[in-house]
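Positions are given from 1 along the sequence. Each ligand, and each atom within it, is numbered from 1 in the order the structure gives.
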Amino acid sequence: MAGAGAGADAAPDRRAEGDGDVERDGAEPKGADWWRQAVVYQIYPRSFADADGDGIGDLAGITSRIPYLASLGVDAVWLSPFYPSALADGGYDVDDYRNVDPRLGTLDDFDRMIRALHAAGIRLVADLVPNHSSDRHEWFRAALASAPGSPERARYIFRDGRGPDGALPPSDWQSIFGGPAWHRVPDGQYYLHLFAPQQPDLNWDNPEVRADFVRTLRFWSDRGVDGFRVDVAHGLAKRLTDPLPSTEEMAGFGPGAHPLWDRDEVHDIYAEWRRVFQEYDPPRTAVAEAWVEPDRRARYAHPEGLGQAFSFDLLEANYDADGFRRIITDNLAFARESGSSTTWVFSNHDVVRHATRYGLPVPADGGPQKGREWLLSGGTEPVLDREGGLRRARAATLLMLALPGSAYLYQGEELGLHEVIEIPDEDRQDPTFFRNAGVEIGRDGCRVPIPWTRGGSSFGFGTDGAHLPQPTWFGAVSVEAEERDDASTLALYRRALALRRRLQGPEQLHWLDAGQRPVLAFERPGGWRAVMNFGPGDVTLPEGELLLASAPVSDGVLPADATAWLRVP
Ligand code: GLC
């Protein structure tokens with residue numbers, strides 16, 4: 001079984017031609033350690049490329065764009081959920097874990113896509129959503145059709161209500177998307193949904209649930225999937241003994257003991273998964289999406305667990321030299337502790353794009369700028385500095401790409417895309433918008449189908465429109481426009497990724513005294529240096545060969561909000 005499926009033996013072996021200005025010398029780690037310093041590109045499949053012209057991106061669309069991914073120089077693609085789904089939460093409501101949404105294609109299309117990715121030297125990381133299924137999953141339908149107390153209900157978390165006639169929910173818990181976390185079914189029982197009501201939480205105390213996910217891991221691993229991104233990895237294990245604690249009481253539980261989140265025993269599940277991953281050659285990998293305190297992250301990243309965990313510390317930080325330096329130092333220390341490599345990410349499908357966040361002022365209380373007020377104001381308050389935001393985003397990304405560890409990129413950031421604000425209410429799709437009227441706008445603005453061409457139907461996304469409206473400014477930041485511009489963000493990413501491949505060495509970093517503030521400077525093994533000037537003034541670069549910069553450098557002067565890579569002999 002292990003390693004037997006289509007494409008499983010197509011060892012990713014570099015690779016299609018790049019933009020030609022740097023050589024690829026195949027310096028990337030081969031074999032089992034490929035993920036440690038990989039550049040992983042997140043594709044939100046319904047918004048990447050639409051081959052069949054129904055307005056929704058699909059797997060054949062992705063396959064058709066593999067030359068683009070190869071020319072960008074990514075090591076792996078992380079594919080957000082592509083499973084059958086009613087899209088109550090952008091595909092994170094899964095009807096069937098071992099199939100492809102018919103609107104996105106078939107299992108044969110999946111096999112074709114993975115073979116073509118592997119042939120281009122690109123690995124595939126599949127998104128796995130184990131905390132909850134959708135309410136259309138056959139198990140949940142069976143649970144609704146069965147009596148309270150039945151084995152069918154025991155795959156989920158059903159409880160009787162409180163109060164006379166059980167009219168009150170079992171507890172006062174709120175869902176992450178707003179509103180109560182319990183939903184009542186016709187016979188009076190309630191089920192738990194920590195996210196939308198269409199996402200019932202699975203009961204991970206039930207051995208049947210555990211066995212079924214192992215089957216899913218093997219199903220995709222046999223088809224050649226190289227790794228998994230594990231959604232809400234900190235949520236699976238729950239302690240739901242009666243009486244259920246109130247939200248207020250839950251706040252008092254210490255690390256590892258909270259009834260719902262980040263419980264210590266969740267790692268028993270991942271230890272079992274790890275044994276499955278090790279059946280394959282190379283072993284399958286996993287990265288945890290776990291919103292936990294930084295000092296709890298190492299457990300998820302442990303080699304006997306999932307093996308790697310996202311760090312969202314940079315994504316949540318303001319643009320600030322001291323803050324960046326502290327985060328980098330801490331995360332490298334956490335990685336040493338776990339034996340894993342560090343991860344870095346600025347943008348994904350859940351947050352306002354970083355070009356936009358960095359174009360907004362730091363809030364008066366010094367807290368993180370998440371772009372929430374800007375979204376709520378329809379993009380007017382505070383005023384967005386579009387150019388400055390992009391400039392800072394390019395600088396930050398070039399710093400990130402010089403760090404040891406894996407870099408996770410989100411589709412469209414290589415074009416320097418800003419968050420799309422121009423989405424009428426009636427076109428919005430995100431449940432956070434519907435469940436928090438007037439309080440949250442939601443995540444649709446980073447999920448708008450990306451522009452491939454300057455014009456045409458849906459800017460080259462497909463032949464007949466896009467499922468979220470695209471703004472007129474998309475043409476100027478399309479792949480077509482940026483490929484013709486040597487100073488574009490796309491050109492910067494391509495050069496950076498190609499150079500990184502050549503320069504990448506051991507996972508070490510040595511801070512340098514930049515002598516000027518606020519400037520960060522460090523050296524990687526082999527004399528590769530990165531210098532980032534957070535502005536507002538110019539800084540003089542140290543001696544060395546200038547390899548790449550996020551903004552023009554002349555006479556050895558690095559302007560504000562720019563990063564340069566240098567090589568010293
Ligand atoms: C994760 C996903 C997010 C989704 C949620 C519920 O946080 O990244 O998009 O809404 O899980 O599945």
Next on the checklist: When you measure from the centre of the six-membered ring of Trp204, is the NZ or CZ of Arg263 closer than 6.0 Å and no more than 45° off the axis?
Outcome noted: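 Because its charged atom misses either the 6.0 Å distance or the 45° angle limit, Arg263 does not stack over Trp204.
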
#### Entry: Six-ring centre of Trp452, Arg65 cation under 6.0 angstrom, axis tolerance 45°
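Judged by the rule (NZ or CZ under 6.0 Å from the ring centre, within 45° of its axis), Arg65 counts as positioned above Trp452.
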
TODO: Kindly check if the number of other-residue, nucleotide or ligand heavy atoms within 6.0 Å of CD (Glu208) is above 12?
DONE: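 Counting neighbours around CD of Glu208, more than 12 heavy atoms of other residues, nucleotides or ligands fall under 6.0 Å, so yes.
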
Measuring from each atom of ligand 1, which residues have a heavy atom under 4.0 Å away?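 If the criterion is a heavy atom under 4.0 Å, then ligand 1 touches Asp89, Tyr92, His132, Phe177, Phe195, Gln199, Arg229, Asp231, Val232, Glu289, His349, Asp350, Arg443, Arg447.
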
May I ask you to decide if the ring planes of Phe158 and Phe140 are parallel, tilted or perpendicular, using 30° and 60° as cut-offs?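 Aromatic pair Phe158/Phe140 classed parallel.
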
Quiz item: Taking the inter-plane angle between the rings of Tyr190 and Trp182 on a 0 to 90° scale, is it parallel (under 30°), tilted (30 to 60°) or perpendicular (over 60°)?
Solution: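 Perpendicular: the ring planes of Tyr190 and Trp182 meet at over 60°.
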
Fill in: Asp205 bridged to Lys238 by N-O distance under 4.0 Å
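A salt bridge is absent here (no side-chain N lies under 4.0 Å from a carboxylate O).
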
